[in-house]
Amino acid sequence: MKILVLLKQTFDTEEQIELFDGEVNENGVKYIINPYDEYALEEAVAVKEKYGGEVTAVTVGPDRAESALRHALAVGVDRAIIVNDESLFGDEYTISKVLAAVAKQDSYDLIFCGHMAVDDGAAQVGPRLAEELGIPHITTITNFEIEDGKVKVEKDVEGDVEVIEADMPVLVTAQQGLNEPRYPSLPGIMKAKKKTIERLEAEDLDIDIEEIAPKTEIVGQYLPERKKAGKVLKGDIGEQVFELVELLRNEAKVII
Amino acid sequence: MSKNVLVVAERRDGVLRNVSLEVLSAARKIANGGTVTAVVFGKGPGGEAQQLARHGADRVYVVTNEELNAYSTDAYSQAFMEVFSIVEPDAVLIGHTATGRDLAPRVAARLNAGLISDCTGLEVNGDDVVFIRPVYAGKLFQKKRVKEGIIFATIRPNNLPVSEPDTGRNAEVTEVRAQIADIRTVIKEVVKKTAGKVDLTEAKIIVSGGRGVKSAEGFKPLYELAEVLGAAVGASRAACDAGYCDYSMQVGQTGKVVTPDLYIACGISGAVQHLAGMSNSKIIVAINKDPDAPIFKVADYGIVGDLFEVVPLLTEEFKKVLV
C-alpha cells in the first residue's frame, strides 16, 4: 500500500501575530507542523504499521519547512519530498495543482492531510487535490480503518458522526480526535537525520507556471482591534451575579 | 455591471439554516442589481422557496434525486454542476459549514476557479468585490479578491446580517431532476449526537468550560446554565485534553472559531490559542478564581470567583428574569 501525507508548517498556535510594513513578522517565530496535519501523519504511519506499505510525506514551502519533514521521517515516514520552488507558491488553487503533480509521479492508495491549516484556515487543499486526481475524498474524519480492502471512516459532521465506506484510492482529511500523535524516539531522530529529503522544482514536475498562477490575491491585512479589558465586578458573589445579569440585559443588551 | 449570483442554500434536520439567509444578504450586495438564484438540494418540507425569496432570492432551484436527501460529495457536486451550467453565474456563495467546506473546494477545483473561504465580511464597490476573512483564527484579518474567473466564496455563519424579510417578494421556483451516477463514498450509518443541541458555530450564546471545571461531572452546572439561556456548551483545549469533554466542543485555533453575541468563559485561563477562537465574540464574560488570568484582558465583564459557586447562582438569577 502506498500512502501519501501532506504536511504544512505553520506558526505555533501560541504565537501572537505582528505586522511589519504590512507583512506578517516571521522573525523569532516558532514553527510547528499544522496540528491537523500531525493527526494525518500519525494516522498514515499507524496504517503502515498495521497493514504494511510505504509512507511518503510532502510539503510545499520554503527551506525551513524541512524540519517538518525531518520530524515526519523521525516518526516513521519512509520518503520525504519538499517543493521549495518559490515560483510554485500561491493560493489554494496553485498549491493543489502542484501537489497533484507530485502525487501523479507515483500511484497512491491513500492520501492523508489535515482538514484545515491553523494559519490561513482555508480548508481547501484536500478536496481540491482529490478532484485534481479524480479520486473521492472524505473530510473531517475521527476514525479510520480498513475492512475487507475498503476504507471505513467516521466523519465528524458538526458534532454528528457519519460512518462512511469507500474504495481506495481515497483522500481523507483529519479532524481533531482522530488519534494521539506520537513523539519521535531518539533513534528515530538519529535515523531521520541521515535520510535524504527529495527536492522538487517546476522543471521536475513538468508544470506550466502560468497555468497554475493564483486565482485570488490578498489586497490587505490588518490586526483586529484589541479588545479593551472591561469591568471586573466587586462585592459579594450574590451581588456580582445580580449586577452581571443586569449589565447583560440593559447595558450589553445581549440577553432580552 | 450587475452580476448573476448563485447561492447554495442548506437545510439541517429539514430546516433552512440561518447561514443561508446570511449568505443571501451577501449575494444581494454582490449582485448589484443583478439576479440572485438560490439552489436547495433534495426534497424538503416545502416553504423554503418562499423564505429564500423573502430574504433576497429572485429564482429558486430545487434539485431532486433520492441521492440528494443526505449529503455526499459526489452526489452534491454533480447536482451543483448541473445547476451551475443552467445558471452560468458570475459569483457563487455557500455557507462555511460542514457541507460548504466539503463541496466548495471540490467544485472550485472542477471549475478551475479560485475560492475565498470562511469570509466574515465583504466590501462591494460596483464591480469590485473584496472579502474579509480571519486568518490565524482571528489574530489577523485578510482582504482578498478573485483575480480571474468566477467569484467564489464561503461565508462563516453568524457574521453577516440577515436582511429583513420582504413579504411582498416572490421567486420563480423551478424543480430540476438531477442525473446522479457513481457515488464513491457510501454512508453506512449516522449517529446523531447533536439532537436538540445548539450548534456551536451558529449559537448566539455559548457557555464554555476550561481546566477549572475539573471533571466531566463539573460540566453539569454549565449545561444547566446553557439550558436556561438556550446556549451551546463549548470547552477549552485543556478541558478536552483532560478528557472532561468531547473534542467536538473545543473552541480555539485548533477546534472551532466562534463569534456568538455572548461568550461565558468558566474556569478558562485564556491561552493565546483559545482567545483566537473566541475573542471576536460580541460580549465576553469571564468567571475565574485567578484574578490575573489572561481571560480577564479580553472580557467585557469579569467575576473573580469559584465557578461552582457563581454559575449555579447565575442560572438561578437568569431563571428569575427570563420567565
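Chain A is the first sequence line, chain B the second, and so forth, proteins listed ahead of strands; every chain is numbered from 1. Only heavy atoms go into these numbers, but all of them, side chains included; no hydrogens, no water, no symmetry mates.
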**Message:** Less than 4.5 Å to any heavy atom of chain B: does that hold for the side chain of Leu129(A), its backbone, both, or neither?
**Reply:** neither
**Item:** Proximity breakdown for Thr97(B) and chain A, heavy-atom pairs closer than 4.5 Å
**Value:** both
**Item:** Ser96(A) side-chain N/O to Tyr93(A) backbone N/O, donor-acceptor pair under 3.5 Å
**Value:** yes
**Item:** Worked verdict on Arg17(B) versus Glu202(B) for salt bridge (Lys or Arg N to Asp or Glu O under 4.0 Å)
**Value:** CA-CA 9 Å; Arg17(B) 292 182 74 155; Glu202(B) 284 187 275; 2.5 Å; yes
**Message:** Are there residues of residues 312-320 of chain B whose heavy atoms fall under 4.5 Å of chain A's heavy atoms? If so, which?
**Reply:** Leu313(B), Leu314(B), Glu317(B), Phe318(B)
Acceptor/donor pairs from residues 293-307 of chain B side chains to any protein atom, 3.5 angstrom cut, sequence neighbours excluded:
from	atom 1	to	atom 2	distance (Å)
Asp300(B)	OD2	Lys227(A)	NZ	3.1
Asp300(B)	OD2	Ile284(B)	N	2.7
Tyr301(B)	OH	Glu251(A)	OE1	2.5
Asp306(B)	OD1	Phe308(B)	N	3.0

**Request:** Decide yes or no on salt bridge (Lys or Arg N to Asp or Glu O under 4.0 Å) for Asp160(A) and Arg12(B), but give the supporting numbers first.
**Result:** CA-CA 12 Å; Asp160(A) 291 334; Arg12(B) 189 167 164 100; 3.6 Å; yes
**Request:** Go through the atoms of Leu229(B) and report whether side chain, backbone, both or neither lie under 4.5 Å from a heavy atom of chain A.
**Result:** side chain
**Which atoms of Lys97(A) approach chain B - backbone, side chain, both or neither, heavy atom under 4.5 Å** = side chain
**Message:** Please classify the contact of Val24(A) with chain B as side chain, backbone, both or neither, using a heavy-atom distance under 4.5 Å.
**Reply:** side chain
**Request:** Using a cut-off of under 4.5 Å on heavy-atom pairs, state which of Arg106(B), Lys144(B), Gln273(B) scores highest against chain A.
**Result:** Arg106(B)
**Request:** Side chain from CB out, backbone as N, CA, C, O: work out which of these in Val321(B) comes under 4.5 Å of a heavy atom of chain A, or both, or neither.
**Result:** both
**Request:** Against chain B, label Glu243(A) side chain, backbone, both or neither, depending on which of its atoms sit under 4.5 Å from a heavy atom there.
**Result:** neither
**Message:** Is it the case that the side chain of Asp74(B) and the backbone of Arg184(B) share a donor-acceptor pair, with hydrogens and angles ignored and the cut-off at 3.5 Å?
**Reply:** yes
**Message:** For Glu92(A), which atoms come within 4.5 Å of any heavy atom of chain B: side chain, backbone, both, or neither?
**Reply:** side chain
**Prompt:** Any donor and acceptor pair, going by atom type alone, linking the side chain of Glu217(A) with main-chain N or O of Lys147(B) inside 3.5 Å?
**Reply:** no
**Request:** Decide yes or no on side-chain contact (heavy atoms from CB on, under 4.5 Å) for Asp13(B) and Lys192(B), but give the supporting numbers first.
**Result:** CA-CA 11 Å; Asp13(B) 300 325; Lys192(B) 279 270 171 202; 2.9 Å; yes
